[in-house]
Structures are given as structure tokens and as C-alpha cells.
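This one's a predicted model, so the numbers in the text were calculated from it and none came from an experiment.
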2 protein chains.
Amino acid sequence: MLTDRQLLILQVIIDDFILTAQPVGSRTIAKKEAVTFSSATIRNEMADLEDQGFIEKTHSSSGRVPSEKGYRFYVDHLLSPLRLSRQEIVTIRDAFNEKMMEFERVVQKSAGILSEMTNYTSIILGPEVFETKLKQLQIVPLSEHSAIAILVTDTGHVEHRAFNVPVEMKGTDLEKMVNILNQRLQGVPLVKLHEKLYTEINEMLRHHMDHHEEAFSYLRSALVEDHPTKLYIGGKTNILMQPEFRDLEKVRSLYATIEQENEMADLLRSGQEGIQVRIGQENPFDSMQNCSLITATYHLGNDQMGTIALLGPTRMEYNRMFSLMHVLSKHMTNTFRGWY
Amino acid sequence: MLTDRQLLILQVIIDDFILTAQPVGSRTIAKKEAVTFSSATIRNEMADLEDQGFIEKTHSSSGRVPSEKGYRFYVDHLLSPLRLSRQEIVTIRDAFNEKMMEFERVVQKSAGILSEMTNYTSIILGPEVFETKLKQLQIVPLSEHSAIAILVTDTGHVEHRAFNVPVEMKGTDLEKMVNILNQRLQGVPLVKLHEKLYTEINEMLRHHMDHHEEAFSYLRSALVEDHPTKLYIGGKTNILMQPEFRDLEKVRSLYATIEQENEMADLLRSGQEGIQVRIGQENPFDSMQNCSLITATYHLGNDQMGTIALLGPTRMEYNRMFSLMHVLSKHMTNTFRGWY
DNA sequence: TGTTAGCACTCGTTTTAAGTGAGTGCTAAA
DNA sequence: TTTAGCACTCACTTAAAACGAGTGCTAACA
């Protein structure tokens, strides 16, 4: 379909455009080391590449710009894996050398590093909660009529919720209730919690305790709150530095999209395992028309999977990004290995 | 110093400029209902106001723009307290009607509302932690060699930290240690925790337990982490909608400033009780030259005080902002009343 | 004496026109 | 098949002209 020469030209065009964000003309290409033929020849080849839809003109007498099809081809076939610089490797390794024991910390840090090293915006999605199970429930009385319910999962995630304690309930009652709940609920997946609490447990408490209803209903409302999969976002303002986002309107609509946490989470979840790129229109959102989204998956010990993503203009340094995300997701997976 | 007529003109200029962000000319002023005299007269008066530094021209033949001194005067003397609309009052009340038991939730919500209703950026500073005392310490073992330390304060704040458990330590040892720690540390202010752990407690454990050192050192590092006063920020991207921030460079430097959490916290803390405005240069940061920062204080039951702030261009709807922040801080204070 | 109509003037903004240059497509010769 | 050459295109820059919102000043008026 494409001759070697055309491949070379396409590669040069995209490499150059990624660097400069300026349309690439035939003369510019002719000047490159690797190119031995004249600008006229290049013009002919470019006309061909354009006919086939790999590159476009911004106007009738401009240089060429990669089309989405061009980027797609580039990513699929022309990408020369880039070795990260010593500096970059060290930066990442140092970050992960620090002792981090909590999932949130690791993820937060990863998002930070990723956005810092790329100047793009990083988005990290935690693993599905489906599998997470309740490890322990604890209640700490705060005052006469309030207490805090603390819920710890087997993944070390902690959630807490304050709730009211009815006056007629004593501290010992509360303890008793917690004991019952712990006995019955340990190991139950969080998603089943809701159901269990409303049926089985409710029934059980009725038999074992007086005036449990009110306290239990409070506690239940505290525990049952949906646990949305959280998104960790880093370098949101990096978007502002990209020349393609000079237009504030675009920035605003992109921000609006990112802030739709649910939809973003769905999008990230929908990627398959490994590294994947969505270029421009391949993204489901209008505001991401001229964006690319690179996603990579990481793993937790117990087969659970999360996603790290990088959002930038379609004109992205794909090869460096691929290497970075590869290394980073590996570090994350390593860190989590054996935790669960 | 200023005649009534001048006051009126100054007021009209500022009111109009706040609305339109455009320099206000004499004809525009003359068209207002309240103004009965001609544009020529207004021009004379404006020349006077300019001599006194209350207004400025953007160039020699432009309309007038309020100077910082003008805003300051406006805020101090011309502000007619604005009644909030039914709609606004209801919005706020509804938000606070929802049962919220945690400090974080209330603050988060407040920041959200504030930025949403104003289209400015809201920043909320929690109370000083000086007074917060440790309520209870809990440890939940996760696996053979890891556990989570959970620290609950008397204000219902929960912090948690995972740590390693050395192999030679058994579950019962851990429990024992926690018991000792709880006995000794309940009621201790968080700020003293560090010191206590390193002296007294260390000593005590040495006498009561074998090979406590390693576990304890882990636990200590988990507990002692600094507890920085957190900033809750809402509507950070609202800044982009203000015409005075068309210039991306300004936006970026302002973001950079906001992200300096420590300095921002100091700034917010430095305000006195009640509502206060810092206009333009009155702010310590260069990036806030053309910003105003309105701060208001809220109270927690136990004499602790926090600050809510609103950051926008100097051209702010001061009277509405004042009313809003007044109402909001009151709602917050009410919500917290009796919690502690 | 304070107020106002009138007018010349200022200066940022918009419009128009001309000029520039990077880049193209096509043709014809090597 | 490749390339030199050339006419052509069109965004971008620059300069000049036209516009208009707004001013300060002056002189007349109540």
C-alpha cells in the first residue's frame, strides 16, 4: 500500500509535527538527514499520502499535518520504541523507592509523576470494587449521641462515616451490635453489603437486641453510601500549556468532560488490558476531538485491574508516552504485588 | 471630601463596571435613572474623582475604571447590603438540610456551593489542629505482616496509615501495644503526639514488651506524619470564565499560587474574624494583583475557627458576595454547633 | 456660580489594501 | 523516475484609513 519512501516521509512528517505543532512542508522534509531525494519528489509523494488520507493540508498552500488516520497508522506501524533517558528512569524509580503502603498514596504519587514528566494530564482509575471485601468494622463513640463507623476493606481501604446514636442506646449495646455485624459481615464483598444489611442482618438484630432499629438505620445509611470508583487526576492545568488549547472554550469543555467522573471512569474501564490509544474521534466525547487518550492497565495482586490514562492533544509524543506508561504501570503492579 | 454627587457617580461607575467589565463613559452614566445631570457635568466630576485616585482611565480617551482605592472606598462606604434572592437562600438552605455528620463533607459541600453560586473560586481552610485531641487509636491487621493504624480525633476526623508488622510479632502483641498506646495517648493533642511517642511511650513499651521496637517504629512513622491543615478548593476552573483572565499566563501563575497550599493557608489564617476583603495589591502575591480575596470566618463549637474565602477578579460583585459568605459561614457555624 | 451644549481632539479598534513568504501542483527536461 | 523551475495560493504581516466612544475645554445659559 505504501512504499518505503512514503513510510519514511510519513514518519518524518509526524515526528516533526509532534515536535513543532507546525504544518510540515516539503523543503523541511528534504533537509532531514535520512531523506536523500528532492522536495519535488516529496511533494509528489505527499500528494499520494494525502490522497490516501494519512495527511492533510490546513489550507490549499500549506504544509501537511497528520490526519487521525495518519496518527493511527503511525502508532500501529511506525512507532520505534524509545528508550527512556537515565534521568527519567531514575525519577520514576526514586518515587517508588519511597515506602508507600496505601493504595491511595501510590496512585496519587503515580498520577503526579506521570503528569509532571509528560506535561499532559494524567487520570488514574482504581480497581473495581466488586471484589473488595469487608475486613473489619469498627465504631468509635465520639460523644453521647454520635459515633464514627469505620470500615476497613481487605485491600486496606478505609472509609468512615459519622452517625447519630439514639439516646436510649448504651455504649455496650453499640459494641454488641458491632460484634454481631463483624461476625456476620467479615469477608462480604462491599457490593453485597447493602443487600445483606437490609435482610439477614436486620432480622438477626431484631432477635438479639432491643431498640436496635434507630441506631441501626443510621449506621446502615452510613455504611451503604455508594462507593464510587474514584478518579485520581494529576496535572489538570497542564492542558493549558498545549498550544492546541489556546482556545479557552475548548479547555472549558474538556474540563467539563473530565469532571464527569462516572463517564470518564466508564471510558477508562472500557479499555482492554495493556497499552491502548484512542485518537481524536475514537474518543466518545466531542470535547476530546483533538485529544488522544493513552491507557495502560496495572494489576493488583488478586487479579484486580486498574487503569492509568494520559490525556493530551492528538499530537502526542507517543513513543515516549508508551515507554513511560509501560514502566509506570509495571512499577505500580510491582508495588501492589503481594499486598493482597 | 466627596460630594454626594461624586459619591453617586463613583457608585454608578463601579456598579456598572462590575457588571460589564467595560470602562464606563460619561454618557453611560448620564443615562442611568438616578442621574439627573448631564454628561458634561459628569465629566467634570469624573476628572475630580480621578484626581483623587478613585478612578482611572485605561487610555487618554477612554471611559473610567475603578482604581483599587476606588474599590476599597466602595467596599468600605458605598456597599448597600444586598438581599439574596429567594432562589439563592433556598439553594443554600437545601444544601444544609441534608444530613451531614462529617466536617469534611460539610466543608466540601460548602466550597462547592460557594463556587457554583458565584462563578468564582472558593477556598476553605479547616480549623487549626492545635486543639484537636486523639480520641482513639485502632489497629486492623490486614495480613501476616501488614496492618492499618486508624487514628480518630475528638472532632471526628479520621486518619489512617498502613504499616508493616515484623514477623516475630503476633496479633496479641499488637493488641497489647495498641492498648497501651490508647491508655496513654487518649486526650493528647495531636501536635504533642510526636513528642510523647518518642519519649514517654517508647520508654514504657520497652518495659512491657519484647521486640516492640521495629513494629513501634513503623507505627510511629505512620502516626507522626505531619497533619497539614487541608485546603478545600471549589470551582478552580471558574477562573477561566472571567474576562480578566483571558491571558493564560495570568491563569497559570494564579493556579501556581493557589497550589502553594501552605502559603495560601497562612494567608487565609491571617484574616481577622468576620468578613474581610483584600483588594488587588493588598494581597501578598504578585499573581493576585488583579484579584480580590474575600474571607469570612466560621466557628466550631469549641472556639476553633476556620476560614472560607472567595477568589475572583477585583471587579467582584462585592455586595452579593458579602451576603452569600455571611449566610454560608453562619450555616456552617450552625451545623458545627454542638458537635464538639 | 454651577450646569450644560458644543466641538475639537485622542486613541484604541476595525476595516481595507498591499506586500510577504512558505508551500503547493504542474510541466518539462534530465 | 526524479528533479528543476515556475506560476499560483493563501495565511499572515504591515500600513494606512476610517470609525467611534469618550474626553477636556470653552462659552453660553439659568
Of A:R27 and B:T41, whose closest DNA chain C nucleotide lies nearer the 5' terminus? B:T41
If you take any heavy atom closer than 4.0 Å to DNA chain D, which residues from residues 31-39 of chain A end up in contact? A:F37, A:S38
Which of residues 11-21 of chain A sit near DNA chain D, with a heavy atom under 4.0 Å from it? none
Let me know the distance between [atom1] of [X] and [atom2] of [N], rounded to the nearest Å.
X: B:I42; N: D:dG24; atom1: CD1; atom2: P; result: 13 Å
X: B:I29; N: C:dT4; atom1: CD1; atom2: C1'; result: 16 Å
X: B:Q22; N: C:dG12; atom1: CD; atom2: P; result: 15 Å
X: A:E45; N: C:dG23; atom1: CD; atom2: P; result: 19 Å
X: A:N44; N: C:dT24; atom1: CG; atom2: C1'; result: 11 Å

Members of residues 48-65 of chain A that approach DNA chain C, where some heavy atom sits under 4.0 Å away: A:K57, A:S61, A:S62, A:G63, A:R64
Residues two or more places apart in sequence or in another chain: which of them pass side chain to side chain donor-acceptor pair (under 3.5 Å) with A:T257? A:S287
My understanding is that only residues two or more places apart in sequence, or in another chain, count here; which of them pass side chain to side chain donor-acceptor pair (under 3.5 Å) with B:K57? none
Under 30°, 30 to 60°, or over 60°: which ring-plane class applies to A:H77 and A:F73, parallel, tilted or perpendicular? tilted
For residues 271-282 of chain B, tabulate all N or O donor-acceptor pairs below 3.5 Å that involve a side-chain atom, not counting sequence neighbours.
residue	atom	partner	partner atom	Å
B:Q272	OE1	B:Q276	NE2	3.3
B:E273	OE2	B:H299	NE2	3.2
B:Q276	OE1	B:Q272	N	3.2
B:R278	NH2	B:S270	OG	2.9
B:E282	OE1	B:R72	NH2	2.6
B:E282	OE1	B:I279	N	3.0
B:E282	OE2	B:R72	NE	3.2
B:E282	OE2	B:R72	NH2	3.4

Does a side-chain N-to-carboxylate-O contact under 4.0 Å join [X] and [Y]?
X: A:R5; Y: A:E45; value: yes
X: A:K236; Y: A:E259; value: yes
X: B:E244; Y: B:R315; value: yes

State, with a plain yes or no, whether a side-chain heavy atom of A:V24 is found less than 4.5 Å away from one of A:V65. no
Going by atom types only, do A:S292 and A:Y318 share a side-chain donor-acceptor pair under 3.5 Å?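 On atom types as modelled, these side chains qualify, holding a pair under 3.5 Å.
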Regarding D:dG24, can its base be found pairing with the side chain of B:R43 as donor and acceptor, where the two atoms are less than 3.5 Å apart?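 Per atom types, the contact qualifies.
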Check the phosphate of C:dT3 against B:R5, side-chain N and O only, distance under 4.0 Å to OP1 or OP2. Yes or no?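 Indeed, a polar side-chain atom of B:R5 lies that close.
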Respond yes when some side-chain nitrogen or oxygen of A:S26 is under 4.0 Å from OP1 or OP2 of C:dG23, and no when none is. no
Considering residues, nucleotides and ligands other than A:Q6, do more than 12 of their heavy atoms fall under 6.0 Å from its CD?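 It does: A:Q6 CD has more than 12 such atoms within range.
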Paired with B:T307, the side-chain contact (heavy atoms from CB on, under 4.5 Å) test is passed by just one of B:L231, B:L125, B:I123, namely B:L125
Which listed nucleotide (C:dG25, D:dT3, D:dC25) is nearest to the side chain of A:A47? C:dG25
